[in-house]
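Okay, structure first, notes after.
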Amino acid sequence: MPKLPPSFYQQEDVVSLAKQLLGKSLFTYVDGKLAGGIITETEAYDGVADKACHAYGGRNTNRTATMFLNGGVTYVYLCYGIHHLLNVVSGTEGNPQAILIRAIEPTVGLEAMLERRKMEKLAPRITAGPGALAQALGIDRQLNAKDLSADEIWIEDAKNYEDEKIVATTRIGVAYAQEHALWPFRFYIKGNKYVSKPNS
DNA sequence: CGCCGGATGATCT
DNA sequence: GATCATCCGGCGC
């Protein structure tokens, strides 16, 4: 399938886009190994008005500057000193919106992913959770601010999921965002095993 | 099973 | 010096 065009990422509504990304295919080509899968879980971060967003209130620092770029590039950063987290920058230049990719369902490069995750056999935790997913795909900050039509990391078009097949719920680990932590900005494919924290 | 805490470092105050 | 958009292993039930 073709890579998604810039116009897809530059849509205004980051929440709608977070849902549209479900079912699309994410790939990396790192250390000579192709790996990837179907995006199963996402979270929207809605720019300067969103207390959970790194760029809340217009905070534009060395780290967050990537979020202010035109949509269609990656935003990768180190979390808790250990995990790299992959986001897709959306919207247009100056509007710091992004979508955290929280889980994928592996389709290619299983051997490479098992090795990177130091796992013997396949289990959902291989790519369920943003840190796990980045490790499985060999993503680190070298891939920050990369165009999503690059040779090292890209997303290909695929199916769209109807709203009935999507669960909308609150984001993970953003209690510090107070009332904004209650916004239903996390989305995942209903019934899919590759989801970090399914609701009961 | 579920809860708890340690690992670990860039980033910003 | 505090704060994290996390993960895993260990312990107790």
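All chains are named by letter (A, B, ...) in the order of the sequence lines, taking the proteins before the strands, and each is independently numbered beginning at 1. For clarity, every value in this text was computed on a predicted model and none was experimentally measured.
- Using a 4.0 Å heavy-atom cutoff across all strands shown, A:A52 reaches at least one base atom of the nucleic acid.
- One interatomic measurement links the two molecules: CD1 of A:I101 to C1' of C:dT6, which rounds to 16 Å at whole-angstrom precision.
- The aromatic rings of A:F185 and A:W183 sit tilted, their planes meeting at an angle between 30° and 60°.
- Residue contacts shown for A:G81 include a base, since a base heavy atom lies under 4.0 Å away.
- As rounded to whole Å, 7 Å separates atom P of B:dT11 from atom CG of A:N62.
- Separating the CG atom of A:L86 from the P atom of C:dC7 is a distance of 13 Å, rounded to the nearest angstrom.
- The A:Y77 side chain lies nearest to C:dA5 when the options are B:dA10, C:dT6, C:dA5.
- A salt bridge links A:E41 to A:R186: one of the charged nitrogens lies within less than 4.0 Å of a carboxylate oxygen.
- A:E156 CD: more than 12 foreign heavy atoms inside a 6.0 Å radius.
- Neither OP1 nor OP2 of C:dA5 sits under 4.0 Å from any side-chain N or O of A:H83.
- A:R63 places its CZ atom 10 Å from the P atom of C:dC4, with the value rounded to the nearest Å.
- Here the closest non-hydrogen pair linking A:S90 and A:V14 is OG-CG2, 3.4 Å.
- One finds a side-chain N or O of A:R102 lying less than 4.0 angstrom from the OP1 or OP2 phosphate oxygen of C:dT6.
- The CZ-P distance, from A:R125 to C:dG9, rounds to 6 Å in whole Å.
- For A:Y80, no side-chain nitrogen or oxygen approaches OP1 or OP2 of B:dA10 to under 4.0 Å.
- Contact between the side-chain N/O atoms of A:R117 and the OP1/OP2 oxygens of C:dC7 is not found at any separation under 4.0 Å.
- With values rounded to the nearest 0.5 angstrom, A:L100 atom CG is found 5.0 Å from A:N87 atom CG.
- Residue-to-nucleotide proximity on DNA chain C shows that, of A:M119 and A:I99, the 5′-proximal contact is made by A:I99.
- Atoms NZ (A:K118) and P (C:dC7) sit 16 Å apart, rounded to a whole Å.
- Of the candidate nucleotides C:dC7, B:dG9, B:dA7, B:dG9 has the atom nearest to the side chain of A:L78.
- A:Y45 qualifies as a stacking partner of the C:dA5 base, centre to centre under 5.5 Å and near-parallel within 30°.
- One can place CG of A:D140 at 12 Å from P of B:dA10, the figure rounded to the nearest angstrom.
- Base pairing analysis places B:dA10 opposite C:dT3; the two distances defining the Watson-Crick or G-U wobble pair are each below 3.5 Å.
- Comparing C:dA5, C:dC7, B:dT8 against the side chain of A:I82 picks out B:dT8 as the nearest.
- Atoms CD1 (A:I126) and P (C:dT6) sit 20 Å apart, rounded to a whole Å.
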